[in-house]
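Following: one structure in structure tokens, then a few remarks.
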Amino acid sequence: AFGDGSCFLERYVESPRHIEVQIIGDGKGNAIHLWERDCSVQRRHQKVVEIAPAWNLPPELRKNLQDDAVRLTSQAKYLNAGTVEFLVDPKN
């Protein structure tokens, strides 16, 4: 678009789950998670239902998502409350 001929391809994810991990960062590299929620039920790209904690996540996947969210926000020295969003395929 706008004179840039770049093309990005993304892997198709069939029946994905939209998982969000809530985080709080202090801007100095310290961050914590406030667990996760499943926001997969959407209509017209708007969340209709949020289920917390996210149902039916294997414990290892839940921990990996939480750890990844904290690692990302800690390294970015994130300051504020926010969410890190993940697409999870049926095979996790």
Side-chain angles (χ1 to χ4, degrees):
F2 306 107
D4 184 346
S6 298
C7 179
F8 296 93
L9 296 177
E10 294 182 348
R11 181 173 64 96
Y12 176 72
V13 180
E14 189 171 351
S15 301
R17 292 176 64 189
H18 176 176
I19 306 295
E20 296 182 351
V21 177
Q22 313 282 256
I23 56 90
I24 295 179
D26 68 359
K28 299 175 183 175
N30 301 301
I32 60 169
H33 72 80
L34 302 175
W35 304 98
E36 80 294 327
R37 60 187 179 198
D38 189 324
C39 302
S40 299
V41 179
Q42 298 188 15
R43 182 167 189 249
R44 297 185 187 154
H45 306 291
Q46 295 293 315
K47 291 178 261 187
V48 177
V49 176
E50 297 177 359
I51 302 170
W55 63 277
N56 202 25
L57 276 183
E60 183 179 346
L61 176 59
R62 181 185 313 273
K63 182 170 181 1
N64 288 344
L65 295 176
Q66 294 166 349
D67 290 349
D68 288 347
V70 169
R71 186 170 24 287
L72 173 70
T73 52
S74 293
Q75 291 179 0
K77 294 186 170 58
Y78 185 79
L79 173 62
N80 215 330
T83 61
V84 178
E85 301 185 22
F86 298 90
L87 279 181
V88 178
D89 69 17
K91 297 176 186 171
N92 296 318

Worked check of side-chain contact (heavy atoms from CB on, under 4.5 Å) between Val48 and Gln46: CA-CA 6 Å; Val48 177; Gln46 295 293 315; 5.7 Å; no
Test log, rule side-chain contact (heavy atoms from CB on, under 4.5 Å), inputs Val84 and Thr73: CA-CA 8 Å; Val84 178; Thr73 52; 3.9 Å; yes
Derivation and outcome, side-chain contact (heavy atoms from CB on, under 4.5 Å), residues Trp35 and Arg37: CA-CA 7 Å; Trp35 304 98; Arg37 60 187 179 198; over 6 Å; no
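Under the 4.5 Å side-chain contact rule for hydrophobic residues, Val70 and Val88 do not share a cluster. Residues Ile19 and Leu61 fall within the same hydrophobic cluster, defined by Ile, Leu, Val, Met, Phe, Trp and Tyr side chains chained together at heavy-atom separations under 4.5 Å. A single hydrophobic cluster is seen to contain both Trp55 and Val49, as judged by linkage of ILVMFWY side chains at heavy-atom distances under 4.5 Å, directly or through other members.
Across Cys39 and Glu50, no two heavy atoms sit closer than the pair SG-CG, 3.8 Å. Minimum interatomic distance between Ala31 and Ser74 (heavy atoms only, all atoms of both residues): CB-OG, 3.5 Å.
Heavy-atom neighbours of Lys47 NZ from other residues, nucleotides or ligands within 6.0 Å: above the threshold of 12.
Rounding to the nearest 0.5 angstrom, the gap separating the CD atom in Gln66 from the CD atom in Glu36 is 5.0 Å. Separating the CD atom in Glu14 from the NZ atom in Lys91 is a distance of 9.5 Å, to the nearest 0.5 Å. Atom CD1 in Ile23 sits 14.0 Å away from atom CZ in Arg71 (nearest 0.5 Å). Interatomic distance, CG of Leu79 versus CD1 of Ile24, reported as 11.0 Å (0.5 Å rounding). The NE2 atom of His33 sits 11.5 Å away from the CG atom of Asp68 when rounded to the nearest 0.5 Å.
In this structure, the side chains of Leu57 and Leu65 come closer than 4.5 Å at one or more pairs of heavy atoms.
A donor-acceptor distance shorter than 3.5 angstrom exists from the side chain of Arg62 to the backbone of Ala54, with no hydrogens or angles considered. Between the Thr83 side chain and the Gln22 main chain, no donor and acceptor come within less than 3.5 Å of each other.
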